[in-house]
Amino acid sequence: MSSTLPEPGTTRRPAPPDAPTGLAALTAGQLLTGYASGAFSPVEATRAVLERAELARRTVNAFVRIDAEQSLEQAEAATARWRRGEPAGLLDGVPVTVKDILLQRGGPTLRGSWAISEHGPWEEDAPAVARLREHGAVLLGKTTTPEFGWKGVTDSPRHGATGNPYDPTRTAGGSSGGSAAAVALGAGPLSLGTDGGGSVRIPAAFCGIFALKPTYGRVPIYPASAFGTLAHVGPMTADAADAALLMDVICGPDTRDWSQLGPAPGSYREGLSDGVAGLRIAYSPDFGGRVRVDPAVAAAVRRSVDVLAELGAHVEEADPDFPDPVEPFHVLWFSGAARVTESFTERQRARMDPGLAEICREGAGYSALDYLAAVDVRMALGRRMGAFHERYDLLVTPTLPGTAFEIGREVPEGSGLTRWTGWTPFTYPFNMTQQPAASVPGGVDAAGLPVGVQLVAARHEDALVLRAAHALLTAGG
């Protein structure tokens with residue numbers, strides 16, 4: 001793998017300045033091929049990845065915990081299975097990281113908050129983590145998150161701020177910022193993130209990796225999120241092929257989630273290379289002029305759209321034409337945050353992220369009628385997007401209107417914004433509608449910072465999003 005930065009605006013995944021090499025640079029698919037051929041073992045790969053994890057922890061604060069001893073034990077067991085020709089599952093021996101929002105048996109899930117004690121018992125895996133174990137994955141460690149994943153950047157009073165692999169003085173984005181930075185730096189090719197308003201797509205765009213927010217309910221969630229049906233679990237990976245592989249694992253049913261969709265209709269790897277010829281694609285560069293987009297981002301996204309057209313898609317500029325749902329989103333999001341912290345003591349509240357404390361106070365003031373009015377807006381938006389996708393298979397937008405800004409800030413300096421939703425207008429609407437949406441690397445700007453391209457499809461069309469993303473990434477070399 002080359003560590004040379006591509007030309008700005010290409011669809012190739014950009015590489016950070018301290019790009020991984022050797023086994024740490026391989027995708028999950030490449031690792032599995034190497035295991036099967038005997039070219040190298042899960043132990044060798046895990047050792048290489050652990051070195052990168054320490055680098056990611058030291059340079060950008062991507063980890064809250066690295067389970068080196070446990071992961072090497074898991075890798076040794078996987079190596080023995082591969083030598084017998086009896087791999088345990090689809091990810092046997094592949095190192096995976098998990099955002100520290102999701103339960104992982106045997107260690108604490110602290111969620112970036114001083115309100116959570118390290119003392120257990122920690123005896124349960126979240127559904128997606130349980131599926132990883134069943135398929136033989138090596139669980140490398142837990143990645144950083146803001147407190148309870150409440151915002152679009154990654155910093156918390158308990159664990160500090162996570163920097164960007166391309167420039168550690170800038171944010172990795174959030175709330176799955178640790179996962180994005182880990183993947184970008186070769187600290188495991190796969191990571192599990194969560195997305196309630198853009199939280200896998202935002203850091204994927206800022207860190208130059210791929211991420212998918214699946215259709216709501218496709219990946220089971222337990223415990224249920226206080227943010228309700230806004231919250232999704234999704235793959236964060238180097239490319240769409242690895243995301244399809246991870247989806248085949250984590251979409252397994254789990255009875256603890258009453259809102260799960262049940263078994264996936266088939267393998268997400270099937271048809272991944274079918275291309276985009278004949279697809280009807282709507283390109284909305286700025287949501288009908290409503291969003292001010294940085295010219296470098298706009299140019300990069302336009303070039304990606306041109307690639308889709310060159311690959312045979314029917315592309316036209318078209319806007320879904322919905323009013324900004326930010327206020328209804330705030331009602332749903334802030335009231336969820338208030339619910340998370342409802343039982344906190346005064347001492348615990350004093351140690352909270354000040355921004356989280358602010359939205360909790362606001363959320364506690366909403367009435368049931370306010371909440372139901374926000375749900376009404378959400379349902380209307382879902383109907384509008386359902387009709388939109390009768391005309392178009394995919395919607396393409398920027399993932400974000402700009403690139404990564406200063407670390408430790410909720411909003412860019414001098415922007416005049418007060419909340420993270422002010423600079424993420426392309427992401428949270430599709431949590432409202434529960435549609436699958438991905439951020440695809442779209443090259444870099446003049447400063448060498450990654451740009452993300454968002455692909456959105458109708459509910460249940462996750463495979464289509466993966467297919468189009470794969471076409472974009474492979475076309476870019």
Any chance CZ of Arg339 has more than 12 other-residue heavy atoms, nucleotides or ligands included, within less than 6.0 Å? no
Looking only at heavy atoms, what is the nearest atom pair of Ala364 and Ala338, with distance? N-CB, 3.7 Å
Considering only NZ, NE, NH1 and NH2 on the basic side and carboxylate oxygens on the acidic side, decide whether Asp67 and Lys142 come within less than 4.0 Å. no
From the list His389, Glu461, His460, Lys213, side-chain hydrogen bond (donor to acceptor under 3.5 Å, both in side chains) partner of Gln435 resolves to His389
Specify whether Phe334 and His330 have parallel, tilted or perpendicular ring planes, treating 30° as the upper limit for parallel and 60° as the lower limit for perpendicular. parallel
Salt-bridge present (Asp353, Lys151; N to O < 4.0 Å): yes
Centroid-to-centroid, Trp333 to Tyr428, below 6.0 Å? no
ring-ring contact (aromatic ring centres under 6.0 Å, His included) involving His470 - partner list, sequence neighbours excluded: none
To the nearest 0.5 angstrom, please state how far the CG atom of Leu91 sits from the CG atom of Leu246. 6.5 Å
Nearest heavy-atom pair of Thr171 and Asn164: which atoms, and what distance? O-ND2, 3.0 Å
Nearest 0.5 Å please: distance from the CZ atom of Arg111 over to the CZ atom of Phe148. 7.0 Å
Between Phe426 and Phe287 (judged by ring centroids, cut-off 6.0 Å), do the two rings come close enough to count as a pair? yes
Only counting residues at least two apart or in another chain, list the ones meeting ring-ring contact (aromatic ring centres under 6.0 Å, His included) with Phe63. none
For Asp370 and Gly365, work out which heavy atoms get closest and say how close. OD2-O, 4.5 Å
Heavy-atom closest contact (Phe329 atom, Gly196 atom, distance): CE1-O, 3.5 Å
If you measure only the distance, is there a donor-acceptor pair under 3.5 Å linking the side chains of Tyr216 and Thr433? no
Residues Glu410, Arg419: salt bridge by 4.0 Å N-O rule: yes
For Met236 and Val183, which heavy atoms make the closest approach, and how far apart are they? O-CG2, 3.6 Å
Please report the closest heavy-atom contact between Gly452 and Ser439, naming both atoms and the distance. CA-OG, 3.8 Å
Any carboxylate oxygen within less than 4.0 angstrom of a Lys/Arg side-chain nitrogen, looking at Glu358 and Arg349? no
Could you label the plane-to-plane angle of the Trp423 and Phe206 rings as parallel, tilted or perpendicular, counting under 30° as parallel and over 60° as perpendicular? parallel
Regarding Thr154 and Thr162, is there a side-chain donor-to-acceptor distance under 3.5 Å anywhere? no
For a 4.5 angstrom cut-off between non-hydrogen side-chain atoms, does Arg378 reach Met432? yes
